[in-house]
2 protein chains.
Amino acid sequence: METVTIKLLAERLKLSTATISKALGDSHEISEVTKKRVFDLAKELNYVPNAYASSLRKNKSKTIAVLIPEVADSFFSIALNGIEEVAIEKGYHTLIYLTHEKLEREKAILSELLYGRVDGALMSVSSETDSFEHIEDFGKKLPVVFFDRVASAPATAKITTNDFECGYLATKHLIEAGCKRIVMLSISKSLSIISERSSGFQKAVADHQLDPATCEVVNCIGEGKTVHTTLTSILQGNNRPDGIIATVERLTTDIYLVCQQLGLQIPDDVKVVCFSNQASAVILNPSLTTITQPAFEMGRAAAKALLKRLKNPYINLEEESEIIPSVLTVRSSTAGKNSTF
Amino acid sequence: METVTIKLLAERLKLSTATISKALGDSHEISEVTKKRVFDLAKELNYVPNAYASSLRKNKSKTIAVLIPEVADSFFSIALNGIEEVAIEKGYHTLIYLTHEKLEREKAILSELLYGRVDGALMSVSSETDSFEHIEDFGKKLPVVFFDRVASAPATAKITTNDFECGYLATKHLIEAGCKRIVMLSISKSLSIISERSSGFQKAVADHQLDPATCEVVNCIGEGKTVHTTLTSILQGNNRPDGIIATVERLTTDIYLVCQQLGLQIPDDVKVVCFSNQASAVILNPSLTTITQPAFEMGRAAAKALLKRLKNPYINLEEESEIIPSVLTVRSSTAGKNSTF
DNA sequence: AACATTTACTTAATCGTTTACGTAAATAAA
DNA sequence: TTTATTTACGTAAACGATTAAGTAAATGTT
């Protein structure tokens with residue numbers, strides 16, 4: 001199958017490649033008659049412009065990169081959905097990279113993306129990321145937009161949710177349901193969302209005169225077995241918490257399982273609220289109280305901000321920052337003693 | 001910031017661009033001394049090759065496309081994870097496209113990808129896809145590999161799971177648990193996985209002398225409200241099914257909710273088994289019997305097959321086909337009357 | 001009628017990399 | 001010593017699209 005290029009169209013129509021290119025670009029320099037001839041033949045031969053030739057020449061790739069820690073998490077997969085929707089709409093292509101929560105991967109990916117492959121990037125930093133030079137370096141050449149997990153530098157658009165308030169609200173909710181010893185499960189010491197949520201947590205603890213010594217933020221790093229072990233040790237013993245706030249979705253299953261194994265009843269023995277976008281929260285046993293982030297909207301907003309900037313290099317990305325609120329949905333996992341959810 | 005190109009390196013080192021290019025490619029034509037000089041300067045100046053220039057010249061993009069119906073489904077997000085892992089490992093980049101189960105999108109995406117942007121594609125067809133010319137056209141130019149939802153043409157690698165057996169097994173399992181009127185919920189009339197699963201279903205129904213008139217495959221197309229309405233009408237009435245097999249994960253929540261609303265107890269009134277990769281299956285109320293597909297392995301296998309082909313154009317993709325078995329995990333949602341799960 | 005402008009094209013350079021081909025010097029073979 | 005081969009580079013042409021600059025003909029202006 002012969003490759004259909006501008007050159008081929010030019011030969012067939014006895015025109016120069018310049019004319020074809022301009023005609024396809026609907027330039028005013030070309031007569032309507034010629035344009036029609038070009039369009040018709042292009043359609044007939046199924047002409048598709050070579051993306052790389054045009055990218056090379058125009059120094060624009062019409063491609064954006066999305067860097068996320070993982071995709072098997074409802075928040076990120078829904079956000080990706082929002083991103084892809086906006087990208088397609090505007091004729092952009094979406095490259096996906098998973099950092100698997102590793103700083104090294106993040107660095108490697110960003111440095112490879114520096115020249116030519118993408119016009120900009122959307123990212124949610126890894127839980128290991130505690131320095132930002134690699135992102136700043138990238139930011140000097142190409143626009144970046146953060147969503148959810150933001151970095152303090154470079155200065156750019158940050159699409160976040162009201163993490164502080166949600167941390168506060170989740171805690172307050174547990175306190176009002178009768179909890180005295182609340183633990184917030186973290187997955188990182190450096191992550192923006194975690195520090196926001198835990199600040200909200202600590203403020204709520206203070207505002208309600210709970211003992212800060214028994215209400216801590218506990219790191220629950222690792223995968224599979226590790227998480228299970230950590231949770232078991234937290235939930236064992238006399239002074240075990242009577243309230244748990246999971247800052248990420250993937251802790252949910254382990255929390256439920258460990259409680260089951262230890263014979264702890266949710267919500268009677270421990271009340272649980274998770275930051276989660278799982279559709280299945282409502283059919284869990286017991287149904288789960290969640291803080292649901294506006295994942296889809298955040299993805300869309302982030303992509304929109306980046307594409308706006310790509311269209312107009314003069315806009316200031318910082319001003320495109322947005323905070324889209326999350327929603328607390330109360331369900332059985334935090335029901336009070338006499339409550340009937 | 002000046003762009004670091006081969007030309008710049010050449011000027012600095014007083015060499016030709018050809019020498020630089022060959023040196024970077026570790027060619028035997030270049031002396032070790034020169035190579036070192038080139039490598040060192042490249043590293044110092046943080047040289048990154050322009051992907052588009054090189055793609056244009058070599059007619060290879062080191063990029064693959066992944067077309068999936070949606071990403072907010074555990075199977076696809078886990079499969080994507082497997083794909084990305086293999087891609088990164090081999091230095092490939094991954095473009096993601098969501099078809100949202102629309103044939104039109106699938107066509108549009110494939111036709112745009114025909115020239116230059118990618119070296120090949122991995123796909124799981126949309127539920128609307130009932131003709132394959134668009135995929136065949138693509139296949140004539142670039143290699144495609146199917147995973148999970150395959151098309152009958154073109155002839156190429158198909159990474160699937162044992163859908164027929166699983167359809168049979170799920171049905172048999174329900175029958176043995178005492179079900180007489182089993183309904184399999186489908187989402188498409190044309191999808192390979194659905195027809196495989198429903199053939200298995202029908203064979204099991206026949207083998208166990210159930211009445212095929214009360215054991216049907218019912219289409220459950222649409223989103224949100226539509227699914228809910230369909231399910232309600234199925235589960236209402238005297239002759240309602242006592243067993244349900246959901247062929248896709250996203251039906252799970254609605255099944256549980258509708259049962260709850262209609263006052264039907266799972267598993268006593270209706271037993272449920274879902275094709276699902278949800279981690280939360282085990283903590284649902286009641287815990288859900290699932291057929292879990294090897295999503296990660298399927299993603300990896302599909303990517304491996306494609307990349308193998310890209311490395312060696314002479315291999316026959318058909319021979320790279322693989323069937324990786326799924327696993328039936330029995331939980332409370334299919335427990336018999338006297339069973340204690 | 002003389003000159004200016006507009007229209008509708010073409011020519012040729014360019015983006016950054018790769019590579020077929022050329023070549024001069026060094027080394028090996030006869 | 002002469003000729004063949006190898007080594008280590010350089011020259012220049014691609015890849016396909018875009019675009020600045022040029023041009024001839026048509027149209028407009030005075």
Side-chain angles (χ1 to χ4, degrees), chain A residues 1-39 41-42 45-63 91 112-119 141, chain B residues 1-39 41-42 45-63 91 112-119 141:
Chain A
M1 203 160 39
E2 193 178 11
T3 308
V4 184
T5 65
I6 272 192
K7 205 171 148 196
L8 181 76
L9 298 181
E11 279 165 17
R12 296 276 182 103
L13 295 175
K14 309 243 173 276
L15 290 168
S16 73
T17 60
T19 305
I20 306 291
S21 175
K22 287 175 188 165
L24 291 172
D26 203 22
S27 159
H28 65 273
E29 288 180 56
I30 307 299
S31 72
E32 292 305 322
V33 183
T34 306
K35 277 183 194 169
K36 181 156 170 32
R37 290 210 306 143
V38 174
F39 284 136
L41 187 65
L45 301 185
N46 253 310
Y47 168 75
V48 179
N50 182 301
Y52 290 130
S54 121
S55 296
L56 175 60
R57 180 61 226 248
K58 295 203 290 190
N59 200 23
K60 281 188 187 169
S61 64
K62 281 271 177 183
T63 305
E112 186 172 349
L113 290 180
L114 257 184
Y115 293 96
R117 202 173 276 276
V118 299
D119 297 339
K141 275 228 91 187
Chain B
M1 206 163 31
E2 191 178 10
T3 308
V4 184
T5 65
I6 274 191
K7 205 169 148 195
L8 181 74
L9 298 180
E11 281 164 16
R12 296 276 183 100
L13 295 174
K14 308 248 175 272
L15 290 169
S16 72
T17 59
T19 304
I20 306 291
S21 174
K22 288 173 191 168
L24 291 171
D26 202 20
S27 160
H28 63 273
E29 287 182 58
I30 307 298
S31 72
E32 293 304 321
V33 183
T34 307
K35 276 183 193 170
K36 181 156 171 36
R37 290 212 306 145
V38 174
F39 284 137
L41 186 65
L45 300 184
N46 251 312
Y47 168 75
V48 179
N50 183 300
Y52 291 129
S54 132
S55 296
L56 175 60
R57 179 61 227 246
K58 294 204 289 188
N59 200 23
K60 281 189 190 167
S61 63
K62 281 273 176 181
T63 305
E112 186 173 351
L113 291 180
L114 256 183
Y115 294 97
R117 201 174 277 276
V118 299
D119 297 339
K141 276 228 93 191

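- Looking at heavy-atom distances under 4.0 Å, B:S21 makes contact with a base.
- In this entry the distance linking CZ of B:R117 with C1' of D:dG16 reads 14 Å, nearest Å.
- In this structure, A:E11 atom CD and D:dG16 atom P are separated by 12 Å, rounded to whole Å.
- Taking both residues in full, the closest heavy atoms of A:E29 and A:K22 are given as OE1-NZ, 3.2 Å, listed atom of the first, atom of the second, then distance.
- A:T19 comes within 4.0 angstrom of a base, heavy atoms only.
- Applying the 4.0 Å criterion to OP1 and OP2 of C:dT17, one finds that B:Y47 has a side-chain N or O inside that range.
- Within 4.0 Å (heavy atoms only), B:T34 reaches sugar-phosphate atoms of the nucleic acid but no base atom.
- Heavy-atom minimum distance, B:Y47 versus B:V4: CD1-O, 3.3 Å.
- There is a side-chain donor-acceptor pair under 3.5 Å between A:R117 and B:T63.
- Looking at heavy-atom distances under 4.0 Å, A:I20 makes no contact with the nucleic acid at all.
- Side-chain atoms of A:K60 and base atoms of D:dT18 include no donor and acceptor less than 3.5 Å apart.
- With distances taken from any side-chain atom of A:A18 to the nucleotides D:dC15, C:dT10, D:dA17, the minimum falls on C:dT10.
- Counting any heavy atom pair closer than 4.0 Å across all strands shown, A:L24 reaches no nucleic acid atom.
- Spacing between atom CG of A:N59 and atom P of D:dG16 amounts to 20 Å, rounded to whole angstrom units.
- Exactly one of B:L8, B:L13, B:I20 qualifies for a side-chain contact (heavy atoms from CB on, under 4.5 Å) with B:L41. That residue is B:L13.
- Closest heavy-atom contact between A:K35 and A:D26: NZ-OD1, 3.1 Å.
- Regarding A:L8, its CG atom lies at a distance of 10 Å from the P atom of D:dA17, rounded to whole Å.
- Put simply, NZ on B:K35 is 12 Å from P on D:dT7, counting in whole angstrom units.
- Distance CG (B:D26) to P (D:dC9): 14 Å, rounded to an integer number of Å.
- Judged by atom type and distance alone, B:R57 does not reach the base of C:dT17 through any side-chain donor-acceptor pair under 3.5 Å.
- The NE2-C1' distance, from B:H28 to D:dC9, rounds to 12 Å in whole Å.
- Listed nucleotides C:dT17, D:dT18, C:dA20 differ in distance to B:T5; the shortest reach to its side chain belongs to C:dT17.
- The shortest distance between side-chain heavy atoms of B:K36 and B:E32 does not fall below 4.5 Å.
- The side chain of B:S31 places an N or O atom within less than 4.0 Å of a non-bridging phosphate oxygen (OP1 or OP2) of D:dC9.
- Proximity note for A:A53 (side chain, C-beta onward) versus D:dA17, D:dT18, C:dT18: the nearest is D:dA17.
- For B:E29, whose side chain is taken as the heavy atoms from C-beta onward, the closest listed nucleotide among D:dT19, C:dC21, C:dT17 is C:dC21.
- Taking atom CD1 of residue B:I6 and atom P of nucleotide D:dG10, one finds them 13 Å apart after rounding to whole Å.
- For D:dA17, the OP1/OP2 oxygens have no side-chain nitrogen or oxygen of A:S54 closer than 4.0 Å.
- Within 4.0 Å (heavy atoms only), B:S16 reaches at least one base atom of the nucleic acid.
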